[in-house]
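Shown next, in structure tokens, is the structure this report addresses.
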Amino acid sequence: MRQPRWRQEGTAPDYRFSLANERTFLAWLRTSLALLAGAVAVDQLAPGIAPVVLRVVLCVLLALIGAALAAMAYRRWAQAEDAMRHGRELPFSWVLLVMSVVVVIAALVLAVLILVRH
């Protein structure tokens, strides 16, 4: 596979920073997988937690958000590597705030569904 153009520009950063960036990327992927696992768990392990339509919508949203986060993880990793290679400040991302809000909302919806069911 051919390397991206940005990897051939600038100066290679200290490997410790690149490895830290890679660990962050992997953490984003773990979060993405957790969202996907949550979608599967709600669908398969809690079929009576909500009406079918609501449960399917919740599961699909969790899965789509997980997929989007995985795609954004690579983009953020590449932007951080590029910034380090050129001695620039690391890029700011609204994804952290958005993902926090999404997880809070999903947790609240699930909590309400559990409380209503019992």
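This is a predicted model, so every value here is computed, not measured. Counting from 1, the numbers follow the sequence of the chain as shown.
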Listed partners of Y74 passing ring-ring contact (aromatic ring centres under 6.0 Å, His included), at least two apart
W77
Not counting sequence neighbours, list each pair that qualifies as a side-chain hydrogen bond (donor to acceptor under 3.5 Å, both in side chains) and has a residue in residues 13-22.
D14-R16, S18-E81, N21-E81
Pairs in or reaching into residues 93-108: which pass salt bridge (charged side-chain N to carboxylate O under 4.0 Å, His left out), with residues at least two apart or in two chains?
none
Salt bridge (charged side-chain N to carboxylate O under 4.0 Å, His left out) filter on R75, not counting sequence neighbours, yields none
Would you list the atom pairs, donor with acceptor, under 3.5 Å between side chains in residues 109-116 and any protein atom, with sequence neighbours excluded?
none

Taking distance alone, no hydrogens or angles, what donor-acceptor pairs closer than 3.5 Å link side-chain atoms of residues 95-108 to residues at least two apart or in another chain?
from	atom 1	to	atom 2	distance (Å)
S100	OG	L96	O	2.9

Work out which heavy atom in P91 is nearest to a heavy atom in R76; give both atom names and the distance.
O-NH1, 3.2 Å
Hydrophobic cluster mates of L64, side-chain heavy atoms under 4.5 angstrom, ILVMFWY only, any path?
V52, V56, V60
E89: what forms a side-chain hydrogen bond (donor to acceptor under 3.5 Å, both in side chains) with it, not counting sequence neighbours?
none
What closest approach, in Å, do A63 and A39 show between heavy atoms, and which atom pair accounts for it?
N-CB, 4.0 Å
Shared ILVMFWY cluster between L62 and L69, side chains joined below 4.5 angstrom?
yes
Would you mind listing every side-chain hydrogen bond (donor to acceptor under 3.5 Å, both in side chains) that reaches into residues 24-33, with sequence neighbours excluded?
none
Nearest heavy-atom pair of G10 and H86: which atoms, and what distance?
N-NE2, 3.7 Å
What salt bridge (charged side-chain N to carboxylate O under 4.0 Å, His left out) pairs are there with at least one residue in residues 99-118, not counting sequence neighbours?
none
Which pairs, with at least one residue in residues 31-46 and sequence neighbours excluded, count as a salt bridge (charged side-chain N to carboxylate O under 4.0 Å, His left out)?
D43-R55
Rounded to the nearest 0.5 Å, how far apart are CZ of R88 and CG of L90?
10.0 Å
Answer yes if I49 and L35 sit in the same cluster of Ile, Leu, Val, Met, Phe, Trp and Tyr residues linked by side chain heavy atoms under 4.5 Å apart, and no otherwise.
yes
